[in-house]
Number of protein chains: 2
Amino acid sequence: MQSIKGLVLKGLAMSSSMNKKKTIAEIMHSLRRIFKAIQQYSEEVLKEFGVTGPQLWALRTVYVEGQLSMGELSRTMYLHMSTVSGVVDRLEEKGYLERTRGVSDRRVVKISLTKAGKKLVQRGPEAAQGRLLHGLESLSPKEVQVIWSSLEKVVRLMEIQDTKATFFFSEE
Amino acid sequence: MQSIKGLVLKGLAMSSSMNKKKTIAEIMHSLRRIFKAIQQYSEEVLKEFGVTGPQLWALRTVYVEGQLSMGELSRTMYLHMSTVSGVVDRLEEKGYLERTRGVSDRRVVKISLTKAGKKLVQRGPEAAQGRLLHGLESLSPKEVQVIWSSLEKVVRLMEIQDTKATFFFSEE
DNA sequence: TACAAATATTTTGTGTACAAATTATTTGAA
DNA sequence: TTCAAATAATTTGTACACAAAATATTTGTA
């Protein structure tokens with residue numbers, strides 16, 4: 001259906017003398033394709049396990065971290081609290097999560113897994129990571145390391161600009 | 001508001017002896033944060049130019065590629081056609097794009113920029129790329145190259161699994 | 001020629017994803 | 001003590017993002 005193979009080969013054919021501007025455009029494309037692949041994987045997870053990628057990710061986070069507040073969950077997942085609120089709604093409806101009000105502070109909502117939720121996490125794949133995970137597993141530790149440090153560099157570049165809006169529009 | 005700086009530093013503190021599984025989890029986090037940074041940037045663009053990141057990206061694509069069909073536009077943007085259909089709807093309402101039916105094949109819809117659309121692209125930043133672009137510009141060509149090839153590797157790993165679903169669940 | 005299969009786009013329905021507004025509760029200062 | 005500010009979570013409104021179904025048109029074939 002998609003001519004992905006062709007596109008990948010086109011990417012590989014680029015020489016190392018490719019100029020910076022073009023490389024940057026390619027980087028954006030790569031990121032876009034990674035997001036798309038993650039979303040497509042989410043569909044597969046939905047068909048097999050009845051929950052979406054983000055939902056499985058939330059379950060997995062609670063499984064790993066233990067009981068969490070909404071704020072903690074959203075910070076751990078790097079998602080806006082209102083987004084997480086909706087995800088938790090759907091997981092609660094499905095019977096995988098429970099909300100309980102905090103005892104000492106009644107503003108706080110504590111999220112915990114039900115028995116069914118725990119079971120699902122144990123038999124399910126590693127959330128959205130699944131596909132990427134199995135790909136990365138096949139690489140050497142060194143290769144994984146290089147990919148990680150590259151991504152960290154990109155993250156720093158993007159997040160640093162939050163604090164340095166002044167320098168945002170530099171000269172061409 | 002966000003404690004992003006702290007998180008970045010935590011990432012940097014990791015030693016190279018970090019095991020593969022942890023590194024992979026970090027890679028997922030990095031991707032997630034890149035995604036979030038792009039979306040936050042989209043908000044800024046919206047406030048300044050009245051169009052969202054994806055909308056500006058679509059305009060820019062038509063600007064660069066010239067008149068396009070919906071199919072061509074969606075393939076170029078790596079987005080589902082139904083998604084692009086909605087984005088084009090909103091840009092048409094705002095008067096930046098026009099739809100025209102194909103002459104030889106009346107199923108095809110041709111997308112082209114209006115005068116206002118052209119003007120906006122010329123004065124606007126480089127769509128979602130903007131923030132990343134300015135960050136990457138500050139690196140050496142070699143560094144940019146390493147980041148690109150890492151991302152390409154990730155893309156290939158994820159997309160290859162579309163065709164090789166058989167090997168999907170390998171042993172631990 | 002007739003009409004089924006293929007193709008291009010839109011519509012429908014679900015689920016993120018965010019900001020801004022709202023609600024409920026707690027904390028701190030006059 | 002009182003009540004405004006701060007905090008935690010939810011609700012509301014907009015815009016992606018996708019698959020599946022529907023619509024319109026063209027192509028190929030009997």
Side-chain angles (χ1 to χ4, degrees), chain A residues 1-2 32-47 49-58 68-75 77-94 97 99-111 127-128, chain B residues 1-2 32-47 50-58 68-75 77-94 97 99-111 127-128 162:
Chain A
M1 204 158 252
Q2 296 104 322
R32 180 61 227 148
R33 282 153 70 192
I34 290 168
F35 296 145
K36 184 153 193 177
I38 288 172
Q39 270 177 341
Q40 277 172 346
Y41 176 66
S42 175
E43 282 296 321
E44 286 171 36
V45 171
L46 181 60
K47 267 172 198 151
F49 298 98
V51 291
T52 65
Q55 285 169 19
L56 192 52
W57 179 23
L68 285 172
S69 71
M70 288 300 286
E72 287 163 346
L73 183 56
S74 78
R75 277 191 297 279
M77 294 178 76
Y78 287 95
L79 291 176
H80 200 277
M81 223 165 27
S82 58
T83 303
V84 176
S85 195
V87 173
V88 169
D89 280 352
R90 286 178 284 277
L91 287 171
E92 204 178 11
E93 270 168 38
K94 286 172 185 165
L97 283 183
R99 276 178 167 101
T100 0
R101 279 281 161 193
V103 198
S104 59
D105 186 341
R106 289 184 40 70
R107 288 171 304 179
V108 174
V109 170
K110 294 286 188 183
I111 311 298
Chain B
M1 205 160 255
Q2 296 104 321
R32 179 62 225 148
R33 282 153 69 194
I34 290 168
F35 196 23
K36 184 154 193 175
I38 288 172
Q39 269 177 340
Q40 277 172 346
Y41 177 66
S42 176
E43 283 296 321
E44 288 172 34
V45 171
L46 181 59
K47 269 173 197 149
V51 292
T52 64
Q55 284 169 22
L56 192 52
W57 179 22
L68 285 172
S69 70
M70 289 300 286
E72 287 164 347
L73 183 56
S74 78
R75 277 190 297 278
M77 295 179 74
Y78 287 97
L79 291 177
H80 200 277
M81 223 165 27
S82 57
T83 303
V84 176
S85 196
V87 173
V88 169
D89 281 351
R90 287 178 284 276
L91 286 170
E92 205 178 10
E93 270 168 38
K94 285 172 185 165
L97 282 183
R99 276 180 167 99
T100 359
R101 279 283 160 190
V103 197
S104 59
D105 187 340
R106 290 184 37 70
R107 288 170 306 179
V108 173
V109 170
K110 293 287 186 181
I111 310 298
D162 278 336

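These figures come from a predicted structure and were not determined experimentally. Labels below follow one simple rule: chain letters A, B, ... track the order of the sequence lines, proteins then strands, and each chain is numbered from 1.
Out of D/dA15, C/dT10, D/dC18, the shortest distance to the side chain of B/His80 is found at D/dC18. Which of D/dT26, C/dT10, C/dA17 sits closest to the side chain of B/Asp105 comes down to D/dT26. The side chain of A/Val108 lies closest to D/dA9, out of C/dA17, D/dA9, D/dC16. Checked against D/dA8, D/dT11, D/dC16, the side chain of A/Asp89 finds its nearest nucleotide in D/dT11. Among the nucleotides C/dT10, D/dC16, C/dC18, the one closest to the side chain of A/Leu79 is C/dC18. Distances were taken from every side-chain heavy atom of B/Pro54 (C-beta onward) to each of D/dT10, D/dC16, C/dG15; the shortest belongs to D/dC16. Listed nucleotides D/dA19, C/dA17, D/dA9 differ in distance to B/Ser82; the shortest reach to its side chain belongs to D/dA19.
Two residues are said to be in side-chain contact when any heavy atoms from C-beta on lie closer than 4.5 Å; B/Lys110 and B/Met70 fail this criterion. Looking at B/Val51 and B/Leu46, their side chains never come closer than 4.5 Å, going by heavy atoms from C-beta outward. Residues B/Leu79 and B/Trp57 meet the side-chain proximity criterion, which asks for heavy atoms closer than 4.5 Å.
Note: B/Leu91 CG to B/Ile111 CD1 = 9.5 Å, rounded to the nearest 0.5 Å. One distance of note links CG of A/Leu97 with CZ of A/Arg90; it measures 12.0 Å at 0.5 Å rounding.
In this entry D/dA30 has C/dT1 as its Watson-Crick or G-U wobble partner, both defining distances falling under 3.5 Å.
At a threshold of 4.0 angstrom between heavy atoms, the contacts of A/Leu46 with the nucleic acid are absent. Using a 4.0 Å heavy-atom distance criterion, B/Lys110 is classed as making no nucleic acid contact. If you check every strand for non-hydrogen atoms under 4.0 Å, B/Thr52 touches sugar and phosphate atoms only. B/Arg101 comes within contact range of no nucleotide atom at all, as no heavy-atom separation falls under 4.0 Å.
Judged by distance alone, with hydrogens and angles left aside, A/Arg107 brings a side-chain donor or acceptor within reach of the base of D/dT7, the pair sitting under 3.5 Å. Looking at A/Ser69, its side chain has no donor and acceptor atom pair within 3.5 Å of the base of D/dA8.
What separates NZ of A/Lys47 from C1' of D/dA19 is a distance of 7 Å, to the nearest Å. Between B/Arg106 atom CZ and C/dT9 atom P there is a gap of 13 Å when expressed in whole angstrom units. Atom CE in A/Met70 sits about 19 Å away from atom P in C/dT23, given to the nearest Å. Here C/dC18 presents its C1' atom at 15 Å from CE of A/Met77, a figure rounded to the nearest Å. In this structure, CZ of A/Arg99 is placed 16 Å from P of C/dA24, rounded to the nearest angstrom. One atom, CD1 of A/Ile111, and another, P of D/dA9, lie 8 Å apart when rounded to the nearest Å. In this structure, CZ of B/Arg75 is placed 18 Å from P of D/dA17, rounded to the nearest angstrom. The CG atom of B/Leu68 sits 15 Å away from the C1' atom of C/dT9 (whole-angstrom rounding).
Counting only distance, with no hydrogens or angles, the side chain of A/Arg101 and the backbone of A/Arg107 share a donor-acceptor pair below 3.5 Å.
When each of B/Met81 and A/Arg90 is assigned the nucleotide of DNA chain C bearing its nearest heavy atom, the one mapping closer to the 5' terminus is B/Met81. Summary of the strand contacts: A/Gly86 and A/Val103 both lie near DNA chain C, and taking for each the nucleotide with the nearest heavy atom, the more 5' one is attributed to A/Gly86.
Regarding contacts with the backbone of C/dT9, every side-chain N or O of B/Ser85 stays at 4.0 angstrom or more from both OP1 and OP2.
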